[in-house]
Structures are given as C-alpha cells and as structure tokens.
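Only one structure is covered here, and it is reproduced in the block below.
Order of listing sets the numbers, starting from 1, for every ligand and every atom in it. This one's a predicted model, so the numbers in the text were calculated from it and none came from an experiment.
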Amino acid sequence: MIGVLLLLFFLPLLLYIAAPQIRKMLSSGVCTSTVQLPGKVAVVTGANTGIGKETAKELAQRGARVYLACRDVQKGELVAREIQTVTGNQEVLVKKLDLADTKSIRAFAKGFLAEEKHLHILINNAGVMMCPYSKTADGFEMHMGVNHLGHFLLTLLLLEKLKESAPSRIVNVSSFAHHLGRIHFHNLQGEKFYSAGLAYCHSKLANILFTRELARRLKGSSVTTYSVHPGTVNSELVRHSSVMRWMWRLFSFFIKTPQQGAQTSLYCALTEGLESLSGNHFSDCHVAWVSAKARNETIARRLWDVSCDLLGIPVD
Ligand SMILES: NC(=O)c1ccc[n+]([C@@H]2O[C@H](COP(=O)([O-])OP(=O)(O)OC[C@H]3O[C@@H](n4cnc5c(N)ncnc54)[C@H](OP(=O)(O)O)[C@@H]3O)[C@@H](O)[C@H]2O)c1
C-alpha cells in the first residue's frame, strides 16, 4: 500500500523531471542542412505563429528574403519585426493572404508576381483544425477550403515563377491525421454530413494527394514538392477545441515545440539531393509511410480535376 502511495507521489515528479528528455526522444528529426539562402526568395503561409513562424525565422536566418503570407497583417508585422531583430535580416516582408477567400489569394499572387523576379521556396503551412461547420467566402467547407483548395490555388498561381526560378521547392504541411481521411467527392463541402475532426483529416489527406499529383506533373521541371507531418506540436492549432486545448496543455511538456515542429518542413525545403524523392511524404526528416488512400493515383487525379473545377481553373 505504501509502495503504491509512494509511486503515485513520485511518478508525476519523475515524469516532470524526465519531460525534457522524453520530448527530445519524441522529437527526433533535425534539419542538419547547412545550406545558406542569400539571393533566394521564400513564401511561408500562416507565418505569424506556430510552425510557420519558426520556419520563416530559420529561412531568414539563412539569408533568404522571406514573405510572411498572413491573414492578419498586424500580427504578421509584429512577427516580421521580431524575426528581423533576432536574425538581423531586414528582408522579412508581410503580405496579406486569406486562404479562405480566393479573391485574397489572387490579390496576393498578383502583388507578389508584380514585385518579385523569383520564388525558390513555397511553404504551404497555414491550417485550421476542428472548426465548427463554416464556409469560406467562396462557399467551400472551411478545412477543405483553407487547407487544400486555398493552397492549391496559391501554388498554381505561383507555379510559373517557381519554374522560372528552378531549382525550387514546394512543401505542403499535412499531418499524420491524414490516415483517418477520405475524399468524399459527393460531400466535399460537408453539406450531407460533417465532423469537425474528420474534416481536418480529409483536408490533410488532400494535401498529400495534391503533393503526389503535383510531383507527377512537375517531373523534369526541377521544381520538386514534398508533404510533411510536423509531429505533435504545441501551437495554436487546437484553438477551436476545448478538449484538445486541455490535452495539449496537459501534455505540453512532451510534445514538440514549434521550432522542433518546423524541422521537417525545413529539411524538405533545404536538404540537398532530395529531388528524386519529390512527391514523397516526410516525418521527423525521413520519408514516412502514408495511408493506402494517400497512395491512390486515381483519387489524386480526380481531386486535381475537381479542385480545378471548383476554383474555375481550366483542367488540362
Ligand atoms: N500542431 C500540430 O500538432 C500539427 C500536427 C500536424 C500538422 N500540423 C499542421 O501544421 C501547420 C501549421 O499549424 P500550427 O500547428 O503551427 O498551427 P497554428 O499555430 O494555429 O498556425 C496556423 C497558421 O495558419 C494561419 N491561418 C489559419 N487560417 C488561415 C487563413 N484563412 N488564411 C491564412 N492563414 C490562415 C493562422 O493564422 P492566424 O494566426 O491569423 O489564425 C496561423 O498563422 C498546419 O497546416 C497544421 O495542419 C500541425
């Protein structure tokens, strides 16, 4: 009995003391590339917080001109100042991008293309999770609209610039949650049935399918693309779910910091010799296994065509 009581008393204490080591173990995968980026241009979506902010900071640290593509320009400006101060790189710029509105995406792309001669790295990082049912300005279900369709449109609008700037890379931040995802073509906008948790999973599956189909289409162009699971990361992503917020708080000692969560995106954006792995999915800086659905080329091609239709882009 005394043993059990002692265990109950000491176990939380031991866990608390061991937490940094446990977190280190769970967050293997560090981008060890020493590539520097003077003269290179990068765009990071959702760069005002979380994983995107840390990704942008590291790209700026390496000398790139970095565009923080944020829906809240004020928040973005504060982060830009912070990154400029920390890295000494003044070329950290903020541009308005609301992925829940195709007009905003088109305006972002138009402004960027008019202003910049090159684009070497596009990190499609922004994301929403477990939103109550809602729609984007164009009537798309919010997860599918922001996480997939918004980035799909942005990428296609910037693709010529990426090709002109090649070698260049596109990183799509997906999730392990894609394993629970399905592409319900008959219910893409969640009108027939909706689950906030599953809607996130579906959109993250769409990120991987998009990456694979994009890689197929880009073969031979020197533009390569990768999808990424960043790990379980202590960020604002759980803002829409009080249960998840509570769990994240409880386990915050053990889950990755945003800086650790940025490592696989950075690995895919920077590591030399990764080109032959274009289209693959990465986790902890290694190629990772994806679900059977995520490997289905027929679904990937159909999703591409349907996405083009929804966005009014001619299907080729
Ligand atoms: N955290 C994890 O454990 C985890 C696990 C797997 C995958 N991921 C993925 O990692 C990526 C980054 O997430 P995070 O964890 O860093 O979450 P976060 O801290 O919530 O950051 C998400 C970013 O996306 C932006 N965003 C949301 N809606 C947008 C819109 N309509 N237009 C433009 N930007 C928008 C947010 O801007 P505001 O600040 O203005 O809202 C924020 O900058 C996401 O794609 C997420 O799915 C995260």
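- In this comparison of Asn172, Val128, Val173, the heavy atom closest to atom 10 (O) of ligand 1 sits on Val173.
- A salt bridge links Lys135 with Glu191: at least one charged nitrogen is closer than 4.0 Å to a carboxylate oxygen.
- Protein heavy atom nearest atom 18 (P) of ligand 1, with residue, atom name and distance: Leu237 N, 3.7 Å.
- Protein heavy atom closest to atom 32 (N) of ligand 1, with residue, atom name and distance, is Leu99 N, 2.9 Å.
- Using the six-membered ring where Trp is involved, Phe112 and Phe108 have ring planes that are parallel, under 30° apart on the 30 and 60° scheme.
- Of the charged side-chain nitrogens involved, at least one lies within less than 4.0 Å of a carboxylate oxygen, so that Glu82 and Lys53 count as a salt-bridged pair.
- Of the protein's heavy atoms, Val233 N, 2.7 Å lies nearest to atom 3 (O) of ligand 1.
- Between the side chains of Thr49 and Glu236, at least one donor-acceptor pair of N or O atoms lies under 3.5 Å.
- At a heavy-atom distance under 4.0 Å, no atom of Phe108 approaches ligand 1.
- Side chains of Thr211 and Asn172: a donor-acceptor N/O pair is present below 3.5 angstrom, by distance only.
- With ligand atoms numbered from 1 in the order given, ligand 1 contributes 31 (N) to contacts under 4.0 Å with heavy atoms of Ala100.
- With 3.5 Å as the limit, one finds a donor-acceptor pair spanning the side chains of Lys204 and Asn207.
- Compare Pro258, Gly261, Gly231 by their heavy atoms: the one nearest to atom 4 (C) of ligand 1 is in Gly231.
- Annotation: His202 is not in aromatic contact with His143 [ring centroid separation under 6.0 Å not met].
- In this structure, Arg239 is part of the shell of residues with a heavy atom less than 4.0 angstrom from ligand 1.
- With Trp248 as the aromatic partner, Arg239 does not meet the cation-pi criteria of under 6.0 angstrom to the ring centre and within 45 degrees of the ring axis.
- Classification of the His186-His184 ring pair by plane angle, with boundaries at 30° and 60°, yields perpendicular.
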- Item | From CA spacing to verdict: salt bridge (Lys or Arg N to Asp or Glu O under 4.0 Å), Glu115, Lys95 | CA-CA 11 Å; Glu115 201 166 288; Lys95 266 204 177 298; 3.2 Å; yes
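- Interface of Trp248 with ligand 1, defined as ligand atoms under 4.0 Å from a residue heavy atom, comprises 3 (O).
- Note on Arg65 versus Glu116: salt bridge recorded, some NZ/NE/NH1/NH2 to OD/OE distance being below 4.0 Å.
- Under a 4.0 Å N-O distance rule, the pair Lys256/Asp284 qualifies as a salt bridge.
- Atom numbering of ligand 1 starts at 1 in the shown order; those under 4.0 Å from a heavy atom of Lys75 are 38 (P), 39 (O), 40 (O).
- Ring planes of Phe210 and Trp304: tilted class, angle from 30 to 60°.
- Counting atoms of ligand 1 from 1 in the listed order, those under 4.0 Å from a heavy atom of Gly46 are 23 (C), 24 (O), 25 (C), 43 (O).
- A heavy-atom separation below 4.0 Å is found between Tyr200 and ligand 1.
- Counting only N and O atoms by type, the side chains of His120 and Ser165 include no donor and acceptor under 3.5 Å apart.
- Nearest to atom 27 (C) of ligand 1 by heavy atom, out of Met142, Lys96, His151, Arg71, is Arg71.
- Note on ring orientation: taking the six-membered ring where Trp is involved, the planes of Phe176 and His229 are tilted (angle from 30° to 60°).
- Taking only non-hydrogen atoms, the option from Pro230, Ser175, Ser265 nearest to atom 8 (N) of ligand 1 is Pro230.
- Looking at Ser265 and Tyr267, their side chains never bring a donor and an acceptor atom within 3.5 Å of each other.
- Under the 4.0 angstrom criterion for non-hydrogen atoms, Thr45 is not in contact with ligand 1.
- The protein heavy atom nearest to atom 24 (O) of ligand 1 is Gly127 N, 3.2 Å.
- Nearest protein heavy-atom neighbour of atom 42 (C) of ligand 1: Thr49 CG2, 3.5 Å.
- The distance from ligand 1 to the heavy atoms of Asn125 drops below 4.0 Å at these ligand atoms: 11 (C), 12 (C), 44 (C), 45 (O).
- Atom 14 (P) of ligand 1 has as its closest protein heavy atom Ser235 OG, 3.4 Å.
- Close contacts between ligand 1 and Thr232 involve ligand atoms 3 (O) [criterion: under 4.0 Å to a heavy atom].
- With a 4.0 Å cut-off on non-hydrogen atoms, Lys204 touches ligand 1 through its side chain and not its backbone.
- Of the protein's non-hydrogen atoms, Asp98 OD1, 3.0 Å is the one closest to atom 31 (N) of ligand 1.
- Ligand 1 is never approached by Cys70 to a heavy-atom distance shorter than 4.0 Å.
- Taking a cut-off of under 4.0 Å to the non-hydrogen atoms of Leu97, the atoms of ligand 1 that pass are 32 (N), 33 (C).
- Against a heavy-atom cut-off of under 4.0 Å, Ala126 is close to the following atoms of ligand 1: 24 (O), 25 (C), 26 (N), 34 (N), 35 (C), 45 (O).
- Nearest to atom 16 (O) of ligand 1 among the protein's heavy atoms is Ile51 N, 2.9 Å.
- Residue contacts with ligand 1: Val146 is placed with no nitrogen or oxygen under 3.5 Å of a nitrogen or oxygen of the ligand (distance criterion only).
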